[in-house]
J.: 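If you scroll down you'll find the structure; I have some questions about it.
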Amino acid sequence: MNLYQHFRKEEHHFIDQVLQWREFVKAQYCPKLTDFLDPREQEIVRLVIGNDEEVNLSFFGGASFVERKRALLYPSYFQPEQEDFALTLFSVRYPSKFVSLEHRQVLGSLMSLGLKRGKFGDILIKDEGVQFIVAKEIADYTRLHFHAVGKTKISLEEKPLTEIIVLEEQWKEATVTVSSLRLDAVLSQVFGVSRQNAQSLIENGLVKVNWKVVEQAHLECKEGDVLSARGLGRLKMIAIDGKTKKDRWRIQVGTQK
């Protein structure tokens, strides 16, 4: 069976990486800890590793509700502990009476440190509280160099994972019909914007499919895909229920604003 046929072409390189991790665990007979993976990457790891009796698999990113998690692949003798995932939780101190910080501002400032996205986990914002999770190996570097979000001066305080900000994910489910499963058509119908507006967002790199920027409006959406568009929100393709009598696709979606 061709493993790659079940995945999009742009995912093949990541599949190769997962296969290398699996072979490392088998050859070295020791654990392999990955960088932070988005939910789609986690699903690919699960599918590729499957029921391999020689390689076990666990994920952890600081709490059960977070999106981005590190994967630990390990042989059967190994018993993973929370410390094996090597995570550091930082709380951001900033003048909250005068400014508010947004997710994209914090992420942009973190990325300007010159580190890979895979070294950072979730950014958690609730009311005035701002926290983020990093791989322990870059915690000292982050503490030394991360002093501002945009023009706002900040300082960091390390916190135990037991003090993580708890976020509740809420999806509003609905059934809609779309003229096609193209990315622009789905965004247009679900978020109530014009097809032209949806295409403009896509072309300007403001739309992600499964946490990756996509700039092709004609991309066909599939069951299980998670789509996000800057300024509109996020949706997931829960199910594709076939066509109506008027030759439109009936889909079940969940949306987040």
Side-chain angles (χ1 to χ4, degrees), residues 1-89 115-124 132-139 161-162 164 167 169 171 181 208-214 219-228 234-240 252 254:
M1 183 183 73
N2 182 1
L3 174 66
Y4 298 96
Q5 69 185 8
H6 302 290
F7 301 92
R8 288 195 169 107
K9 187 175 180 180
E10 59 267 22
E11 295 174 330
H12 291 182
H13 176 71
F14 181 70
I15 293 168
D16 291 338
Q17 197 171 31
V18 177
L19 292 172
Q20 290 175 5
W21 295 337
R22 185 178 69 179
E23 292 312 307
F24 172 86
V25 174
K26 289 182 176 181
Q28 302 297 323
Y29 205 53
C30 67
K32 168 64 182 177
L33 179 63
T34 73
D35 283 344
F36 287 95
L37 308 176
D38 64 42
R40 175 56 182 168
E41 290 170 331
Q42 294 167 37
E43 181 64 17
I44 292 173
V45 175
R46 287 190 190 96
L47 293 170
V48 173
I49 300 301
N51 297 318
D52 194 312
E53 295 181 357
E54 296 181 63
V55 181
N56 293 336
L57 178 64
S58 293
F59 295 95
F60 188 60
S64 59
F65 60 84
V66 302
E67 283 190 346
R68 297 177 62 79
K69 300 177 181 179
R70 301 186 87 170
L72 189 68
L73 290 74
Y74 54 96
S76 56
Y77 76 87
F78 188 81
Q79 297 297 318
E81 302 288 342
Q82 186 170 297
E83 293 74 23
D84 295 315
F85 290 88
L87 306 175
T88 298
L89 174 66
L115 297 166
K116 294 192 304 180
R117 179 67 178 100
K119 295 299 181 185
F120 300 105
D122 276 24
I123 296 167
L124 309 160
F132 62 93
I133 305 160
V134 303
K136 187 163 284 185
E137 60 266 27
I138 61 130
L161 290 175
T162 53
I164 194 168
L167 301 180
E169 190 176 72
W171 293 89
L181 295 175
K208 293 182 179 180
V209 177
N210 297 327
W211 295 269
K212 302 291 187 296
V213 173
V214 171
L219 179 82
E220 185 172 302
C221 298
K222 297 181 179 180
E223 213 167 85
D225 281 351
V226 175
L227 287 53
S228 62
R234 180 187 291 187
L235 74 90
K236 60 180 174 182
M237 302 280 290
I238 297 172
I240 298 173
Q252 293 179 40

J.: Please report the interatomic distance CG(Asp122) to CD1(Ile164), rounded to the nearest 0.5 Å.
T.: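 Between Asp122 CG and Ile164 CD1, I get 7.5 Å after rounding to 0.5 Å.
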J.: Once rounded to the nearest 0.5 Å, what's the spacing between atom CD of Gln79 and atom OG of Ser58?
T.: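 Gln79 CD to Ser58 OG: 9.5 Å, rounded to 0.5 Å.
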J.: How far does CG of Leu219 sit from CG of Leu181, to the nearest 0.5 angstrom?
T.: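 Spacing of CG (Leu219) from CG (Leu181) equals 10.5 Å.
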J.: Kindly indicate whether the side chain of Pro39, heavy atoms from C-beta on, has any atom under 4.5 Å from the side chain of Val226.
T.: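 Of all side-chain heavy-atom pairs linking Val226 with Pro39, none is under 4.5 Å.
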J.: Could you go through residues 10-23 and list every donor-acceptor pair under 3.5 Å that involves a side-chain atom there, pairing it with any protein atom two or more places apart or in another chain?
T.:
from  : atom 1 : to    : atom 2 : distance (Å)
Glu11 : OE1    : Arg8  : N      : 3.1
Glu11 : OE1    : Arg40 : NH2    : 3.1
Glu11 : OE2    : Arg40 : NE     : 2.8
Glu11 : OE2    : Arg40 : NH2    : 3.4
His12 : NE2    : Tyr4  : O      : 3.2
Asp16 : OD1    : Tyr4  : OH     : 2.4

J.: Is there a side chain to side chain contact (heavy atoms under 4.5 Å, CB included) between Trp171 and Ile238 once you walk through the steps?
T.: CA-CA 11 Å; Trp171 293 89; Ile238 297 172; over 6 Å; no
J.: For the residue pair Asp35 and Gly118, what are the closest heavy atoms and their distance?
T.: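 Here Asp35 and Gly118 meet closest at CB-O, 3.2 Å.
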J.: Please name all residues satisfying side chain to side chain contact (heavy atoms under 4.5 Å, CB included) with Ala135, sequence neighbours left out, ordered by chain then number.
T.: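 For Ala135, the residues satisfying side chain to side chain contact (heavy atoms under 4.5 Å, CB included) (neighbours in sequence not counted) are Phe36, Arg70, Lys119, Glu137, Ile138.
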J.: For Pro75 and Asn56, which heavy atoms make the closest approach, and how far apart are they?
T.: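 Heavy atoms only, the tightest pair is O-ND2, 4.2 Å.
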J.: What heavy-atom pair brings Ser64 and Lys69 nearest, and what distance separates the two atoms?
T.: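 Of all heavy-atom pairs spanning Ser64 and Lys69, the closest is O-NZ, 3.5 Å.
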J.: Checking side chain to side chain contact (heavy atoms under 4.5 Å, CB included) for the pair Cys30/Phe24: CA distance, chi angles, key distance, verdict?
T.: CA-CA 8 Å; Cys30 67; Phe24 172 86; 3.7 Å; yes
J.: By salt bridge (Lys or Arg N to Asp or Glu O under 4.0 Å), which residues pair with Arg68, not counting sequence neighbours?
T.: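 Per chain and number, Arg68 pairs via salt bridge (Lys or Arg N to Asp or Glu O under 4.0 Å) with no residue.
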J.: Taking atom NZ of Lys26 as the centre, report whether more than 12 heavy atoms of other residues, nucleotides or ligands fall under 6.0 Å from it.
T.: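 Yes - once you tally the heavy atoms of other residues, nucleotides and ligands closer than 6.0 Å, there are more than 12.
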J.: State whether the side chain of Glu54 and the backbone N or O of Tyr29 hold a donor-acceptor pair below 3.5 Å, judged by distance alone.
T.: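 Not at all, since once roles are kept as given, no pair shorter than 3.5 Å links the two residues.
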J.: Determine yes or no for a side-chain-to-main-chain donor-acceptor pair under 3.5 angstrom, with Asp225 supplying the side chain and Lys222 the backbone.
T.: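 Between the backbone of Lys222 and the side chain of Asp225 there is a qualifying donor-acceptor contact (under 3.5 Å).
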J.: Taking side chain to side chain donor-acceptor pair (under 3.5 Å) as the definition, give me every residue that meets it alongside Asp38, ordered by chain and number, with sequence neighbours left out.
T.: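 Checked Asp38 against side chain to side chain donor-acceptor pair (under 3.5 Å); matches are Lys212.
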J.: Check Leu87 against Gly62 and note the closest heavy-atom contact, atom names and distance.
T.: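 Closest pair (atom of Leu87, atom of Gly62, distance): CD1-N, 3.3 Å.
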J.: For a quick test of reading the model, state the closest non-hydrogen atom pair linking Ile133 to Gly61 and the distance between them.
T.: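 So the two residues come closest at CD1-O, 3.1 Å.
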J.: How long is the span from the CG atom in Asn210 to the CG atom in Leu227, to the nearest 0.5 Å?
T.: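 CG of Leu227 is found 7.5 Å from CG of Asn210.
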J.: Please round to the nearest 0.5 Å and tell me the distance separating atom CG of Asp52 and atom CG of Leu57.
T.: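 Spacing of CG (Asp52) from CG (Leu57) equals 10.5 Å.
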J.: Tell me which pairs pass ring pair (Phe, Tyr, Trp, His ring centres under 6.0 Å) where either residue lies in residues 38-66, with sequence neighbours left out.
T.: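 For residues 38-66, and leaving out neighbouring residues, the ring pair (Phe, Tyr, Trp, His ring centres under 6.0 Å) pairs sorted by first residue read Phe60-Phe85.
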J.: Please answer whether the main-chain N or O of Leu37 pairs with a side-chain N or O of Gln42 as donor and acceptor at a distance below 3.5 Å.
T.: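 Judged by distance alone, yes, a pair lies under 3.5 Å.
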J.: Can you name the residues that form a salt bridge (Lys or Arg N to Asp or Glu O under 4.0 Å) with Asp84, not counting sequence neighbours?
T.: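 Asp84 satisfies salt bridge (Lys or Arg N to Asp or Glu O under 4.0 Å) with no residue once adjacent residues are dropped.
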J.: To the closest 0.5 Å, what do you measure between CG (Leu73) and NZ (Lys32)?
T.: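 The CG atom of Leu73 sits 9.0 Å away from the NZ atom of Lys32.
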